Protein chains: 2
Amino acid sequence: MSTAINVRDFSTSLARGLRVITAFDRDHDEMTLSEVSRRADMTRAAARRYLLTLCELGYVTGDGKYFRLTPRVLELGFAFLTSMHIWERAQPFMERLTEQVNESCSISVLEDSDIVYVARVPTKRIMSVALGIGTRLPAFCTSMGRVLLADLRPAELEQFFVQAEFRPLTPYTITDPALLRDRIAAVRQNGYAVVDQELEVGLRSIAVPIRNQAGRVLAAMNVSGHASRISVEEMQQRFLSPLLYAAEGIRMALA
Amino acid sequence: MSTAINVRDFSTSLARGLRVITAFDRDHDEMTLSEVSRRADMTRAAARRYLLTLCELGYVTGDGKYFRLTPRVLELGFAFLTSMHIWERAQPFMERLTEQVNESCSISVLEDSDIVYVARVPTKRIMSVALGIGTRLPAFCTSMGRVLLADLRPAELEQFFVQAEFRPLTPYTITDPALLRDRIAAVRQNGYAVVDQELEVGLRSIAVPIRNQAGRVLAAMNVSGHASRISVEEMQQRFLSPLLYAAEGIRMALA
DNA sequence: ACTTATTGTGCGCATAACGCACAATGATTT
DNA sequence: AAATCATTGTGCGTTATGCGCACAATAAGT
């Protein structure tokens with residue numbers, strides 16, 4: 001996030017209104033006025049005005065007691081997704097790769113200390129969309145995350161180590177900062193990353209960078225599979241070349 | 001949209017701030033301050049304050065000249081998507097149906113005069129997510145739309161005919177209101193809808209309702225295919241039973 | 001170097017949005 | 001049925017938020 005802006009340039013009403021939208025989630029898909037005011041941390045009267053405003057604009061609907069979001073809020077996020085149309089060009093390369101290796105394939109970008117999925121081609125097993133585009137995962141223990149971290153400038157990488165939390169997600173998760181730095185340095189050296197069951201037991205993945213013409217890393221692309229089906233060695237031997245080949249194709253397609 | 005609210009309950013700052021977000025789209029994924037102020041229809045100073053506020057909150061980023069949305073705006077839309085988790089339970093039925101009929105399958109709800117996709121299982125040909133959840137299509141010329149319209153109460157249906165525009169999308173699109181009413185009545189009678197190339201030349205689809213325990217229609221589910229591969233008669237003979245069967249399974253799963 | 005376009009920003013001003021408090025309504029308990 | 005409790009609706013006085021202007025600074029184009 002940028003350095004704090006001049007307080008007179010900050011719109012508290014917009015910020016509070018957005019807090020009302022984000023007060024809704026999976027476990028609070030419908031809420032009363034009082035619930036919204038508690039979760040959004042504002043008075044009932046303020047919450048009421050924002051809810052009525054969002055109703056008027058079509059983003060929220062109410063039945064006299066409960067409020068809920070409408071599909072129209074997707075437009076707010078879609079404004080971002082449609083701006084990500086660049087990755088549509090990656091689609092054919094990812095589909096071909098998925099057919100070749102018979103595993104899922106994803107592309108993500110780095111945001112704060114997370115990766116965010118911007119494209120995905122699953123294997124035949126179909127996933128719901130909520131697990132696709134927009135998904136955030138911690139960068140430190142994902143193969144795509146390590147690829148993206150490896151391309152950060154030294155000051156950026158320092159900032160990452162200052163703000164990220166390295167909570168173990170499995171018994172295999174590397175959380176020691178010194179060891180993480182070593183892994184990231186190795187990725188910088190090797191040009192790819194393999195992560196073995198650090199995010200989720202049973203999940204292995206290998207990732208490579210997608211670069212622009214100037215050589216700077218735009219995104220990372222991975223292929224992932226189940227530990228029961230593929231070893232780390234097999235993953236490197238079978239997947240690295242097709243991944244690099246697909247990344248090169250994408251690089252040229254984006255030019 | 002609800003009747004207009006008391007002007008003192010309406011937050012113009014929130015409304016304007018949201019206009020800034022929706023000023024971004026596929027063709028305007030990055031914009032200067034002046035472009036944003038033109039597209040959001042506000043002064044440069046106002047646009048600037050909202051952009052700085054959105055930067056501070058992490059929804060927008062800027063490089064000193066161009067502003068662009070960040071993946072964080074997906075959270076605004078995801079607040080809705082995660083509230084749609086109910087349809088995750090439909091997923092297994094849809095997957096089975098897709099395997100059975102070898103065509104794409106979707107579920108949608110009605111909003112204003114459009115349908116909005118809330119679940120989708122494509123065939124082996126993978127689609128990018130932007131064409132999935134959240135997609136809006138006109139209700140009047142889609143099979144799912146006609147199913148949903150058929151369940152509207154008379155006053156609601158009248159409201160629909162008042163506000164919707166029936167623009168022809170193909171030479172086959174039915175736009176005559178009287179004929180549309182007949183089709184909707186037939187759907188009410190038959191319990192399903194077939195639409196043949198009215199939305200898109202070459203596209204045929206058949207849809208059935210998904211009802212709750214009280215019998216009210218919650219959503220519609222369809223299977224669609226290409227006119228070159230399947231006739232209308234075949235669609236009815238081969239797809240109607242599996243569709244009804246899957247809808248019944250979903251109804252019981254949602255109970 | 002000059003011109004044009006765009007951006008940054010301080011500031012006076014008007015009103016948008018604030019929270020309070022009380023009435024109304026609905027749900028729960030006795 | 002009555003009492004109690006919780007929640008919601010809303011008018012209103014107050015003030016701080018957000019407004020647009022205008023001018024300086026910067027960038028781009030000729």
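We name chains A, B, ... by the order of the sequence lines, and we start the count at 1 in each one. Source: prediction; values computed, not measured.
Within 6.0 Å of atom CZ in B:F10, more than 12 heavy atoms from other residues, nucleotides or ligands are found, so the atom counts as buried in its surroundings.
Between A:Y50 and the phosphate of C:dC18, there is a side-chain N or O to OP1/OP2 separation shorter than 4.0 Å. Within the 4.0 Å cut-off from OP1 or OP2 of C:dA17, at least one side-chain nitrogen or oxygen of B:S11 is found. At D:dA6, none of the side-chain N or O atoms of A:S34 fall inside 4.0 Å of OP1 or OP2 (strictly under the cut-off). At the phosphate of D:dG18, OP1 or OP2 sits under 4.0 Å from a side-chain N or O atom of A:T12. Contact check, B:S13 against C:dA17: a side-chain N or O comes under 4.0 Å of OP1 or OP2.
Judged by distance alone, the side chain of B:R68 and the main-chain N or O of B:V60 form no donor-acceptor pair under 3.5 Å. In terms of modelled atom types and a separation under 3.5 Å, the side chain of B:T70 and the main chain of B:Y59 share a donor-acceptor contact. A donor-acceptor pair under 3.5 Å is formed between the side chain of B:T53 and the backbone N or O of A:D9. Panel note: side chain B:E156, backbone B:R153; a donor-acceptor pair is recorded below 3.5 Å. Between the A:R19 side chain and the A:A40 main chain, a donor and an acceptor come within less than 3.5 Å of each other.
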- Begin from the C-alpha positions of A:Y245 and A:F93 and carry the test side-chain contact (heavy atoms from CB on, under 4.5 Å) through to its verdict. CA-CA 9 Å; A:Y245 185 80; A:F93 302 91; over 6 Å; no
- Dump the intermediate steps for side-chain contact (heavy atoms from CB on, under 4.5 Å) on A:S13 and B:L14, then the final yes or no. CA-CA 6 Å; A:S13 297; B:L14 173 59; 5.6 Å; no
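One interatomic measurement links the two molecules: CZ of A:F10 to C1' of D:dT17, which rounds to 12 Å at whole-angstrom precision. The distance between atom CG of A:D9 and atom C1' of D:dT17, rounded to the nearest whole Å, is 12 Å. In this structure, the CZ atom of B:F67 is 8 Å from the P atom of C:dT7, given to the nearest Å. Between A:Y66 atom OH and C:dG26 atom P the separation is 14 Å, expressed in whole Å. Nucleotide C:dG10 holds its P atom 12 Å from the CG atom of B:L52, rounded to whole Å. Rounded to whole Å, the distance from CG on B:L14 to P on D:dC19 is 12 Å. Put simply, CG on B:L51 is 16 Å from C1' on D:dC19, counting in whole angstrom units.
Taking the centre of each ring, A:F161 and A:F166 come in below the 6.0 Å mark.
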Identify each atom pair where a protein N or O and an N or O of nucleotides 19-23 of chain C are less than 3.5 Å apart, giving names and distance.
unit_1: C:dG19; atom_1: OP2; unit_2: A:T43; atom_2: OG1; d: 2.7

Every protein N/O within reach of nucleotides 24-30 of chain D N/O, cut-off under 3.5 Å:
none

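The nearest heavy atom of DNA chain D to A:R48 and to A:R38 marks one nucleotide each, and the one closer to the 5' end goes with A:R38.
Here A:R251 pairs with A:E248 in a salt bridge; the nearest charged N to carboxylate O distance falls below 4.0 Å. The pair A:R181-A:E158 counts as a salt bridge, with a side-chain nitrogen and a carboxylate oxygen less than 4.0 angstrom apart.
Atom OG of B:S34 is separated from atom CZ of B:R39 by 14.0 Å, given to the nearest 0.5 angstrom.
Recorded end-axis angle for the helix from C:dA1-D:dT30 to C:dT30-D:dA1 stands at 50°, based on five pairs per end and rounded to 10 degrees.
Listed nucleotides: C:dA17, C:dT7, D:dT10. Nearest to the side chain of B:T32: C:dT7.
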